[in-house]
Participant: 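Okay, handing you the structure first.
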Amino acid sequence: MPEYLVGAVKLVLAFLTMESSNAVAELIEPDPQVEPVEPAPAPLIMLEPLEGDSGVCAVDGWCD
Amino acid sequence: MSASVFGRAAEPIVIDVWSDVVCPFCYLGNAVLKEAVEQFPHGSSVQVRYHSFQLNPAFPVGESVLADEYLAKNYGMPQAQVEASHAQLAARGAQAGLDYQFEKSMMINTLDAHRMIHLAKAHDQELPMVDRLFRAEFTDGLNLADHGVLADLAAELGLDRAEALEALSAKAYEKDIQADIAQARQLGISGVPFFVFDNKRAVSGAQPVEMFRKALDVTWQDRAASPA
């Protein structure tokens, strides 16, 4: 094979190898900007208190 | 035979409870919920799961102060008002079989106490540990910031004392505790106790037993109405 053809084949092979490596990298590399989205829980149905105190201690430590 | 017999209806009703060890209403709510489950005809099909919540996460870890002193200092609450509030809750507690000794209760950072609940959960002793910690806080006046005290309580329930001490010194279950707190935030919980029935219906606060019975009845009806 003429030397110029050998050189051309090597060039094409190098290009193809580089392309496929990049393609694999693109497939497996996670995007740090995108976080997995968890589905929002369905809203709870609150049962209304019967009477009297709330019976709750609030996050500031106050109980009512 | 319908599928629901072996399907959805055969699964327990799950009650998720967010509470904190230094929350007096949580002690009452725990007792009242227990009473409601005992009265419920399908009580054997109920599973209660406790989740960590911190009312006072900024309180210094390892320190302790009498709860009354803390209330007076931080809220400027007159002693007479504190006593009246305590007397009212103590009366409700007595009806539920609880013996509140507020003058002995300590304010602490409850992170380590929550570690003990998670440790007990790993050994199928979650509910006995919750009960024991509440009694230690509100009846016995024990200092739950003290690792030795917490390890003694674990040993009392048949857990390994050395394992409890190791969990405390290694700050074990941190992720579980924070996950519980994050879930509470996601659900919009700003106070405790807070009860979620089958991930659908919720009760806020230490409500009367009738309220919890109603929540159980409605949850049971939800199951009957939903496809298996």
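Since the structure is predicted, the reported quantities are computational estimates derived from the model, not experimental observations. Throughout, protein chains are lettered first and strands after them, A, B, ... in sequence-line order, and every chain is numbered starting at 1.
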Participant: With a 4.5 Å cut-off on heavy-atom pairs, point out which of B/Val196, B/Asn199, B/Asn56, B/Leu55 contacts chain A the most.
Facilitator: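 Counting heavy-atom pairs under 4.5 Å, the top option is B/Leu55.
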
Participant: With a 4.5 angstrom heavy-atom cut-off, could you sort out which part of B/Ser190 is near chain A: side chain, backbone, both or neither?
Facilitator: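 Contact with chain A: backbone only.
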
Participant: Rounded to the nearest 0.5 Å, how far apart are CE of B/Met211 and CG of A/Leu47?
Facilitator: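 B/Met211 CE to A/Leu47 CG: 4.5 Å, rounded to 0.5 Å.
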
Participant: Heavy atom to heavy atom, less than 4.5 Å: which residues from residues 73-83 of chain B reach chain A?
Facilitator: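 The stretch touches chain A at B/Tyr75, B/Met77.
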
Participant: Please look at B/Tyr70 and chain A and tell me whether the side chain, the backbone, both or neither of the residue comes under 4.5 angstrom of a heavy atom of that chain.
Facilitator: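 Nothing of B/Tyr70, per the 4.5 Å heavy-atom cut-off to chain A.
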
Participant: Would you say the side chain of B/Ser204 lies within less than 4.5 Å of the side chain of A/Ser54, judging by non-hydrogen atoms?
Facilitator: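 With C-beta onward as the side chain, the pair stays apart.
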
Participant: For residues 42-61 of chain B, pull every pair meeting salt bridge (charged side-chain N to carboxylate O under 4.0 Å, His left out), keeping only residues two or more places apart or in separate chains.
Facilitator: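 Listed once each, the pairs are B/Asp16-B/Arg49.
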
Participant: State the NZ-CG distance between B/Lys200 and A/Leu44, to the nearest 0.5 angstrom.
Facilitator: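 Taking NZ in B/Lys200 and CG in A/Leu44, the distance rounds to 11.0 Å.
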
Participant: Using side chain to side chain contact (heavy atoms under 4.5 Å, CB included), reason through B/Phe53 and A/Val59 one step at a time and then give a plain yes or no.
Facilitator: CA-CA 9 Å; B/Phe53 192 91; A/Val59 78; 4.2 Å; yes

Participant: Considering only distance and modelled atom types, tabulate donor-acceptor pairs under 3.5 Å from the side chains of residues 86-99 of chain B, sequence neighbours left out.
Facilitator:
{"residue": "B/His86", "atom": "NE2", "partner": "B/Asp68", "partner atom": "OD1", "Å": "2.7"}
{"residue": "B/Arg92", "atom": "NH2", "partner": "B/Ala206", "partner atom": "O", "Å": "2.8"}
{"residue": "B/Asp99", "atom": "OD1", "partner": "B/Gln101", "partner atom": "NE2", "Å": "2.8"}
{"residue": "B/Asp99", "atom": "OD2", "partner": "B/Gln101", "partner atom": "NE2", "Å": "3.3"}

Participant: What are the two closest heavy atoms between B/Phe25 and A/Cys57, and how far apart are they?
Facilitator: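 Smallest heavy-atom distance, with atoms named: CD1-SG, 3.9 Å.
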
Participant: Would you give me the side-chain donor-acceptor pairs under 3.5 Å for residues 29-42 of chain B, sequence neighbours excluded?
Facilitator:
{"residue": "B/Asn30", "atom": "OD1", "partner": "B/Tyr50", "partner atom": "OH", "Å": "2.7"}
{"residue": "B/Asn30", "atom": "ND2", "partner": "B/Asp131", "partner atom": "OD1", "Å": "2.8"}
{"residue": "B/Lys34", "atom": "NZ", "partner": "B/Asp131", "partner atom": "OD1", "Å": "3.2"}
{"residue": "B/Lys34", "atom": "NZ", "partner": "B/Asp131", "partner atom": "OD2", "Å": "2.8"}
{"residue": "B/His42", "atom": "NE2", "partner": "B/Trp220", "partner atom": "NE1", "Å": "3.3"}

Participant: Measure B/Phe197 against the heavy atoms of chain A and call it side chain, backbone, both or neither at under 4.5 Å.
Facilitator: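 It is neither, since no heavy atom gets under 4.5 Å.
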
